[in-house]
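Each chain gets a letter, A, B and so on, in the order its sequence line appears, and its residues count up from 1.
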There are 2 protein chains.
Amino acid sequence: MRADAQRNRDRIVETARQVFREQGYDASLDLIAKQAGVGPGTLYRHFPTRDDLIDAVMQAWVDHVEETTEKALAHEGGPRERLLHWFEEYVRLISVHKGGPAKITGAMGDDSSPIRSKCEVLQSAGGRVLDDLRAEGAVRDDVTPLQVARLVGGVATIADSSDLEVGTVRPMLEVIADGLLTDPR
Amino acid sequence: MRADAQRNRDRIVETARQVFREQGYDASLDLIAKQAGVGPGTLYRHFPTRDDLIDAVMQAWVDHVEETTEKALAHEGGPRERLLHWFEEYVRLISVHKGGPAKITGAMGDDSSPIRSKCEVLQSAGGRVLDDLRAEGAVRDDVTPLQVARLVGGVATIADSSDLEVGTVRPMLEVIADGLLTDPR
DNA sequence: TGCTAAACGGAGACAGTCTCCGTATTGTCG
DNA sequence: CGACAATACGGAGACTGTCTCCGTTTAGCA
């Protein structure tokens with residue numbers, strides 16, 4: 001890639017990161033272009049669709065996901081405690097941007113989604129948490145990680161669109177956790 | 001209201017019902033106006049916001065909700081069976097139009113939403129199902145009907161945006177149900 | 001230094017939302 | 001019946017966002 005192209009690409013991604021954080025994923029792309037000091041054409045050449053741009057923006061976020069997963073796996077406590085801890089981290093992770101929960105949860109299980117690769121990190125993270133608990137016989141095994149992701153993602157989506165406080169989701173996550181755990185609470 | 005105003009209002013609602021069913025709730029309002037044979041100004045005078053129009057369209061749907069609720073309350077079977085039956089009916093009800101689950105679940109608990117009155121029917125219906133089960137001591141009492149609506153609405157929202165088959169949601173609803181029920185399964 | 005492939009960027013086509021205001025219709029009252 | 005408010009209509013157009021085309025510029029190589 002030519003040097004100027006690389007420079008512009010970087011500026012667009014950096015600008016997009018800020019604008020998305022402030023205004024959500026449906027912010028105007030032309031505005032992002034202008035703010036980055038490039039023409040709309042340049043933005044659209046680098047990122048033909050909105051999702052392609054979101055994908056690029058998420059690169060740093062992916063690292064954060066991986067780090068958080070490690071911590072969640074090492075979390076102390078009983079199965080219920082660990083499961084809930086992961087759920088809360090998960091909601092926090094996908095809610096960093098407005099509209100994020102819907103976007104990410106929607107992309108899961110959709111092989112053709114441009115941001116699918118990014119969701120995979122999350123999905124495998126959830127899979128690991130679940131596998132660990134399953135190995136102890138703590139959670140039922142007739143539910144797939146994808147289904148769990150959709151359950152928790154659904155709650156996060158509603159919380160996001162209704163501007164609910166993060167703490168508000170806890171009781172709902174508990175219901176899901178209790179529905180998944182095998183042993184009596 | 002003047003006779004011509006009433007006539008136009010009716011035509012707009014009827015047209016909107018069809019267009020929403022075909023294209024979802026984000027269909028173009030100017031197109032609905034044109035299709036109804038009125039100017040955009042007329043549509044916007046009758047319905048200042050999109051939600052106001054959706055509210056009017058939903059009037060017939062409300063009757064359907066009430067009828068379905070009666071049946072669900074009369075449904076035979078154990079607590080788990082009855083709860084799940086209601087969940088499935090609920091998902092079906094809010095998913096009649098594309099985008100419906102997000103729209104309806106988002107409006108719940110939002111006192112200022114124009115479509116709130118319509119959601120109330122659903123909410124009280126859910127409350128009745130839950131109350132009945134609670135009276136038998138079958139479901140935990142530390143979870144509010146609103147939280148249950150959000151849990152189930154979340155699943156419906158994801159299913160709607162991911163174009164999932166209706167049958168696909170059953171396992172997820174089971175998790176929620178099991179998380180709510182008090183007795184061992 | 002000159003050339004060419006690569007990249008830029010902005011004008012503008014297109015679509016949707018929503019408003020303003022001149023025009024038309026309704027229904028009432030003398 | 002006829003006229004005159006009050007009410008309602010509707011479309012032109014302002015505004016915003018998406019996305020493309022193509023004439024112009026620039027990087028990087030020989």
Side-chain angles (χ1 to χ4, degrees), chain A residues 1-57 97-100 102-103 106-107 112-115 161, chain B residues 1-57 97-100 102-103 106-107 112-115 161:
Chain A
M1 187 184 300
R2 240 169 62 172
D4 55 343
Q6 183 67 56
R7 193 172 45 230
N8 276 331
R9 192 183 188 283
D10 291 347
R11 295 188 58 178
I12 291 169
V13 172
E14 192 43 50
T15 306
R17 194 194 314 284
Q18 291 169 20
V19 175
F20 282 156
R21 187 178 295 275
E22 284 163 21
Q23 307 188 17
Y25 284 129
D26 54 352
S28 162
L29 297 186
D30 276 25
L31 179 128
I32 289 174
K34 183 183 288 187
Q35 207 131 319
V38 304
T42 302
L43 186 148
Y44 281 98
R45 195 166 345 90
H46 283 296
F47 309 101
T49 73
R50 179 178 294 272
D51 275 347
D52 289 320
L53 179 54
I54 292 173
D55 187 62
V57 165
H97 295 130
K98 188 131 186 71
K103 192 115 236 157
S112 64
S113 168
I115 63 170
S161 68
Chain B
M1 188 184 299
R2 240 168 65 173
D4 56 342
Q6 182 67 57
R7 192 173 45 230
N8 276 330
R9 192 183 188 284
D10 291 348
R11 294 188 58 179
I12 291 169
V13 172
E14 192 42 50
T15 306
R17 194 193 315 284
Q18 291 170 20
V19 175
F20 282 155
R21 186 177 295 274
E22 285 163 21
Q23 306 189 16
Y25 284 129
D26 54 352
S28 161
L29 297 186
D30 277 26
L31 179 128
I32 290 174
K34 183 183 286 188
Q35 207 131 321
V38 303
T42 301
L43 186 148
Y44 281 98
R45 197 167 343 92
H46 283 297
F47 308 101
T49 74
R50 180 178 294 270
D51 275 348
D52 289 319
L53 179 55
I54 292 173
D55 186 64
V57 165
H97 295 130
K98 189 131 187 71
K103 192 116 236 157
S112 64
S113 169
I115 63 169
S161 67

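Position along DNA chain C of the nearest nucleotide to Asp30(A) versus Arg7(B) favours Asp30(A) as the more 5'-ward residue.
The shortest distance between the side-chain N/O atoms of Asn8(A) and the OP1/OP2 oxygens of dC8(C) is below 4.0 Å. A sub-4.0 Å separation between OP1 or OP2 of dT16(D) and a side-chain N or O of Ser28(A) is absent.
For dC9(D), the base has no donor-acceptor partner in the side chain of Asp4(B) [N/O atoms by modelled type, under 3.5 angstrom]. Arg2(A) contributes no side-chain N or O that forms a donor-acceptor pair with the base of dA7(C) under 3.5 Å.
Residue-level contact check: Ala36(A) touches neither bases nor backbone, having no heavy atom under 4.0 Å from any strand. Residue contacts for Ala33(B): at a heavy-atom cut-off of 4.0 Å it reaches no nucleic acid atom on any strand shown.
Taking the charged nitrogens against the carboxylate oxygens, Glu14(B) and Arg17(B) do have a contact shorter than 4.0 Å, which makes a salt bridge. Salt-bridge annotation for Asp51(B) and Lys103(B): present, with a side-chain N of the basic residue lying under 4.0 Å from a carboxylate O of the acidic one.
Taking every heavy atom of residues 38-57 of chain A and every atom of DNA chain C, pairs under 4.0 Å involve Val38(A), Gly39(A), Pro40(A), Gly41(A), Thr42(A), Arg45(A), His46(A), by number.
The interatomic distance linking Lys34(A) (NZ) with dT18(D) (P) rounds to 13 Å, in whole Å. Atom CD1 of Ile32(B) is separated from atom P of dA15(C) by 17 Å (rounded to the nearest Å). For Leu29(B) and dC15(D), the CG to P distance is 21 Å, given to the nearest whole Å. For the pair Arg9(A) CZ and dC8(C) P, the interatomic distance rounds to 11 Å; values are reported in whole Å.
For the atom pair CD of Gln18(B) and CD of Gln23(B), the computed distance is 11.5 Å after rounding to the nearest 0.5 Å. Rounding to the nearest 0.5 Å places NE2 of His46(B) at 6.5 Å from CE of Met1(B).
The shortest heavy-atom contact between Ile12(B) and Leu43(B) is CD1-CA, 3.8 Å.
Using modelled atom types, one side-chain atom of Arg50(A) and one backbone atom of Ala27(A) make a donor-acceptor pair closer than 3.5 Å.
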